[in-house]
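Let me begin by presenting the structure, written as structure tokens, before commenting on it.
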Protein chains: 2
Amino acid sequence: MRVLKYAILGLLYRQEYSGYDITSQFKQEIGQFWSAKHSQIYPELRKLVDEGLVEFRTQIQGEKLEKKMYTITEQGRQELLAWAAQPESLPETEKDEFMLKMYFIHTLSPEQARALFEDQLQQRRAKLAYLQQRYESLMPVFAKEENGEKHTQATHGQTASDTAPLAFHNPNLGHYLVLTKAMAREQSYVDWLERHMKLFV
Amino acid sequence: MRVLKYAILGLLYRQEYSGYDITSQFKQEIGQFWSAKHSQIYPELRKLVDEGLVEFRTQIQGEKLEKKMYTITEQGRQELLAWAAQPESLPETEKDEFMLKMYFIHTLSPEQARALFEDQLQQRRAKLAYLQQRYESLMPVFAKEENGEKHTQATHGQTASDTAPLAFHNPNLGHYLVLTKAMAREQSYVDWLERHMKLFV
DNA sequence: ACCAAACATGTAAATATCAACATGTTTATT
DNA sequence: AATAAACATGTTGATATTTACATGTTTGGT
């Protein structure tokens, strides 16, 4: 399916990046939904160059550090748009090793199961808090906007920050969507864990 | 990491299975969180036999159809339990091609984006409905139990069926957990899509 | 008696992914 | 002046995963 190809083309659609920059991008928000290591990115970039979908120019950083700045070509843009507009059917499996362990919960003692559950809850809560903090620092306008009206007693699995204040033509829309979706995912995970914690008490 | 190894051991912990049976299991509920094709399963079973973690006996089906029924060994049980009790740190990325496209939403026209969004919503709703139906047919007791008290006006992203009526010692607990978790995941997805649909109206 | 679907097991080739190996430069701090 | 962290780019080898190739049996329905 070569999704990495399109992930890279999509990043280059907006601006010029080096291989290192692309690696860094995958450590940011989009990394919640797609990422790759540099050892996969560099060969993929070479392949994209060979296919005429991207081009690069070598830029000197400092005295002699060479970095390759990649840009998307017209052909690359066309392939990107064709992919992006194409609806996909859902994957049958969304892999989750923790849930696999939960399916085999009868292999554990109640104490062990509880420990696993609590560890997962702690990790998911930390991740959710991190995402919320990113949201507030990256999109202070929208975060504030909602703190007055609904954010007061939100306990039912959905933060008010997840309510779409952006218009279609806003360069931050994509970023906003992945952040709110990641928050919704983690909130749902936390809620489910909390709802089932009583099994081990 | 070899998660498939433990997925197979976990299945065999409860009962004897053939390779085909294991393939079938991955098409059931556990396939929501882990799965593999038969072309990966058969070599893995051979490897597990070589390692002494599983054994098999050949059984004749009908006149001459040979099938290999696999059982877990004591060593296999030990390795399974060691894995199952071990907490894991969260994966940095949970891949989702649709969300990758949403990050690149500026490559699309509002009409195209809306079409993608609606397609995804339709697919996620269908999947949620399918899971709910499975839940009701597999766990009729608990589905009924909750239809009286809370299931009446559930619109806030969490079905009442997701509220843990089982005790720790119930052989269906693992199955119950993956089903409710999959439903929660899909419900959260549907809610997020619905909340953001207005961007395209 | 025929046929299709399900049962059953494998291999081969291509691709995707990750961990480790390998090397060197630049920038900021002390 | 030293040093650590970040910047920067590659390759290699091991695994994991998917798609296609390959073959045959059994069961249930017409």
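Since the structure is predicted, the reported quantities are computational estimates derived from the model, not experimental observations. A, B, ... follow the sequence lines: proteins, then strands. Residue 1 opens every chain.
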What is the distance, to the nearest angstrom, from the [atom1] atom on [X] to the [atom2] atom on [N]?
X: Lys27(A); N: dA8(D); atom1: NZ; atom2: C1'; answer: 11 Å
X: Tyr17(B); N: dC7(C); atom1: OH; atom2: P; answer: 14 Å
X: Ile8(B); N: dT17(D); atom1: CD1; atom2: P; answer: 11 Å
X: Glu97(A); N: dC18(C); atom1: CD; atom2: P; answer: 14 Å
X: Lys67(A); N: dA8(D); atom1: NZ; atom2: C1'; answer: 8 Å
X: Tyr70(A); N: dG10(D); atom1: OH; atom2: C1'; answer: 10 Å
X: Glu63(A); N: dT25(C); atom1: CD; atom2: P; answer: 11 Å
X: His38(B); N: dA8(C); atom1: NE2; atom2: P; answer: 14 Å

Tell me whether the OP1 or OP2 atom of [N] has a side-chain N or O from [X] closer than 4.0 Å.
X: Tyr20(B); N: dT9(C); answer: no
X: Tyr42(B); N: dG10(C); answer: no
X: Gln61(B); N: dA8(C); answer: yes
X: Lys37(B); N: dA16(D); answer: no

Quick one: do the Gln59(B) and Arg57(B) side chains pair a donor with an acceptor below 3.5 Å?
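Side chains of Gln59(B) and Arg57(B): pair found under 3.5 Å.
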
Could you say whether Arg2(A) or Arg46(B) is positioned toward the 5' end of DNA chain C, judged by the nucleotide with the nearest heavy atom to each?
Arg46(B)

Quick check: on DNA chain C, is the nucleotide nearest Leu65(A) upstream (toward 5') of the one nearest Ser39(B), or the reverse? Name the residue that is more 5'.
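First, find each residue's nearest nucleotide; the 5'-ward one identifies Ser39(B).
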
Under 4.0 Å between any heavy atoms, over every strand shown, what does Gln40(B) touch: base, sugar-phosphate, or nothing? Just pick one.
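It contacts base atoms.
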
Which part of the nucleic acid, if any, lies within contact of Lys95(A), taking any heavy atom under 4.0 Å across all strands shown: a base, the sugar-phosphate backbone alone, or nothing?
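Here Lys95(A) touches the backbone only, sparing every base.
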
Taking the six-membered ring for Trp, are Phe200(B) and Phe117(B) ring centroids under 6.0 Å apart?
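Distance test on ring centres: under 6.0 Å, yes.
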
Are Tyr17(B) and Tyr70(B) near enough that their ring centres are under 6.0 Å apart?
no

In plain terms, say whether Glu44(A) and Lys5(A) are close enough for a salt bridge, that is, a side-chain N and a carboxylate O under 4.0 Å apart.
no

If you draw the axis of the six-membered ring of Tyr189(A), does the NZ or CZ of Lys181(B) fall within 45° of it and under 6.0 Å from the ring centre?
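Yes, a cation-pi geometry holds between Lys181(B) and Tyr189(A).
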
Selected nucleotide, minimal atom distance to Lys68(B) side chain, candidates dT17(C), dG10(C), dG10(D)
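Nearest nucleotide to the side chain: dG10(C).
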
If you check every side-chain atom of Lys64(A), which of dT26(C), dA8(D), dT18(D) has the closest atom?
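Between dT26(C), dA8(D), dT18(D), the one nearest the side chain of Lys64(A) would be dT26(C).
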
